[in-house]
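Data block below; observations after.
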2 protein chains.
Amino acid sequence: MEYQKELKRLIFDLKTNYLPSVSIDLVIFGFHDGQLKVLLLRWKTTDKWCLPGGRIRHEENMEAAAYRSLRERTGLSEIFLQQFHTFGDVDRYTHFSRHDTLSKLGLPEEDLKEFASRDVSVGYYALVEFAGATPTPDLFTDECCWWDIDQIPLLLFDHNDMITLALKTLRRQLSYQPIGYNLLPDKFTMPDLQQLYETILGQSLDRRNFQKRMLGYGILERLEERKTGGAHKAPYLYRFNKENYEKALRDEILFVG
Amino acid sequence: MEYQKELKRLIFDLKTNYLPSVSIDLVIFGFHDGQLKVLLLRWKTTDKWCLPGGRIRHEENMEAAAYRSLRERTGLSEIFLQQFHTFGDVDRYTHFSRHDTLSKLGLPEEDLKEFASRDVSVGYYALVEFAGATPTPDLFTDECCWWDIDQIPLLLFDHNDMITLALKTLRRQLSYQPIGYNLLPDKFTMPDLQQLYETILGQSLDRRNFQKRMLGYGILERLEERKTGGAHKAPYLYRFNKENYEKALRDEILFVG
DNA sequence: TATCATTGTGTTGAAAATACGCATTAAAAT
DNA sequence: ATTTTAATGCGTATTTTCAACACAATGATA
């Protein structure tokens, strides 16, 4: 059985080359059709979903490990990635037994014992451009795809809690840092940007005040082009001024909140 | 040599009963004489200082492990404790070699190898009442005492960075949560509270506006007593209304910022 | 060419944050 | 005992920010 062999090799690799007791979980946010989405994986031979994750190599910085996992699941690099919390409860595996879940992979009991032991997990959230990502499952999973944030099912482990906290952190971050650089295409309209903010915050904002504030921060460049094709008045296209955008990120200027 | 024996036992205990690869570091803030203080430990037989820390038992929640370490260093429980960041760089041991530092303990080379390997460390910060704490060193350290926040020396490992980030997080927290419950004595004056805020924020605030805002949040109860003894007009004593204080913590109402 | 929904810009009023005035007070100085 | 001093308690203006709303401009559609 080719798969079992590969799995064996993977387990051996994990045991020897990666830090024990610590794992990484990723809440990857995308934005499409006015909806905030999260990338989920379906556990092999089950109908249960979970967050993508990874582990840290012995000679690898933790953040680099998170970026690596992100790249493996989406094909993207150069992405906004932010650590938001580390989860260390013993009973992080409430909804479904971790032992049972892992046994579905067809692991021998000896490996299960070690593998199913308790981990501390560092949570990161990422903001990626929906269109550019190529969702790719890993060896533990059959399927990888986007889910609407308000239609997430009951997930494996404590992953529902992770998404909730990631979103809460993201919303708070919105109040002191700009957002959108990795979520929107290079050129976008003001309504696009506003819809992004509204989706993340879960509330509608006044169109005119929003525009005023955004322009006031000096992180946007208005292009001469307009977005044609849609009905009615054609809106201007904007682009982020990367320099000012990153300065705003550093300085943590107050934003919409 | 009794100490070597005890150290051996400790190392064995750590290897068998605690999670490998993960440690906890604590930035314990106190407030005294108008100064923000941090609790530091002096590494055995050296003049180098570091943050207190600990490890997680296999069947112990991570937060419980942090509380346990906090209790061991200060004698205090029931304390404000908050996770602020997890540090996972490979070269977290820049200023001083981790191998050399650990060898000062008199460890045999075999233990050193395993023990000096790279850890991921979860950082917590705590706010404690200065007067109530009893600083206590551990087996790795000779001395445990408070340092003024602006007189911290070059510390072992990446502990200077940890303090910087903890303080940054604390300052940010101040903008959406009340503070002081575990930093001030039971009864305190408005100037006491203001001085605490000013010290943490590193800037002076208008006395009258500060009072107005604080009273407006409804987390303070003014007592009939006044604080006598000092020169000039005697200020009222206040006490936190625990119920409202904790409600404000939960609701994350906006505060001074 | 008129219609329509949406965009771009400006104005106004309320609310909040900030700056500042002054009488009161308790210890210290005279 | 009286005056002085410096800090407290409470109050009022001023400025700034935020939220609500009005209206002209635009470009595809009918």
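In what follows, every chain begins at residue 1, and chains take the letters A, B, ... in the order their sequences are listed. Heavy atoms only: backbone and side chains are in, while hydrogens, waters and symmetry mates are out. Keep in mind it's a predicted model, so treat the numbers as computed, not measured.
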Q: Give a yes or no on whether a salt bridge exists between A:Glu72 and A:Arg68, defined as a side-chain N under 4.0 angstrom from a carboxylate O.
A: yes
Q: Output the single nucleotide from C:dG21, D:dA22, D:dA19 whose closest atom is nearest the side chain of A:Arg208.
A: D:dA22
Q.
Of the options C:dT9, C:dT6, D:dC10, whose atoms approach the side-chain atoms of A:Lys233 most closely?
A. C:dT6
(Q) Can you classify the ring geometry of B:Trp43 versus B:Phe157 as parallel (below 30°), tilted (30 to 60°) or perpendicular (above 60°)? (A) perpendicular
Q | Selection from D:dG9, C:dG8, D:dC21 that lies nearest to any side-chain heavy atom of A:Asn209 | A | D:dC21
(Q) Measuring from the side chain of B:Arg226 (C-beta onward, heavy atoms only), which nucleotide among C:dT7, C:dA19, C:dA26 has the closest atom? (A) C:dA26
Q) Taking A:Gln194 for the side chain and A:Leu205 for the main chain, is one N or O donor matched with an acceptor at less than 3.5 Å? A) yes
Q) Taking A:Tyr67 for the side chain and A:Ile79 for the main chain, is one N or O donor matched with an acceptor at less than 3.5 Å? A) yes
**Q.** Minimum-distance nucleotide to B:Arg222 side chain [options: D:dG9, D:dA19, D:dG27]
**A.** D:dG9
Q: Grab the OH-P distance between A:Tyr236 and D:dG27 for me, whole Å please.
A: 8 Å
Q: With DNA chain C as reference, determine whether B:Asp206 or B:Ala231 sits nearer its 5' end, using the nearest nucleotide of each.
A: B:Asp206
Q: Send over the distance from B:Gln211 CD to C:dC22 P, rounded to a whole Å.
A: 19 Å
Q. What's the closest nucleotide to the A:Arg207 side chain, out of D:dG9, D:dC23, C:dG21?
A. D:dC23
Q: Measure the distance from CZ on A:Phe188 to P on C:dT7 and round it to the nearest whole Å.
A: 15 Å
Q) To the nearest angstrom, how far is B:Met190 atom CE from D:dG9 atom P? A) 7 Å
Q) Nearest nucleotide by nearest heavy atom, which residue falls closer to the 5' end of DNA chain D, B:Pro235 or B:Lys212? A) B:Pro235
Q) Looking at the side chain of B:His232, which of C:dA26, D:dA22, D:dT8 is the nearest nucleotide? A) C:dA26
Q.
Measure CE/B:Met214 against C1'/C:dA17 and give the value in whole Å, please.
A. 14 Å
Q: Decide yes or no on ring-ring contact (aromatic ring centres under 6.0 Å, His included) for B:Phe240 and B:Phe188, but give the supporting numbers first.
A: CA-CA 9 Å; B:Phe240 284 110; B:Phe188 52 88; 4.8 Å; yes
Q: Using whole Å, report how far CG of A:Asp192 lies from P of C:dT6.
A: 14 Å
Q. How many Å lie between CZ on A:Phe210 and C1' on D:dA20, as a whole number?
A. 17 Å
Q | Interatomic distance where CG belongs to B:Leu215 and P belongs to D:dG11 [whole Å] | A | 12 Å
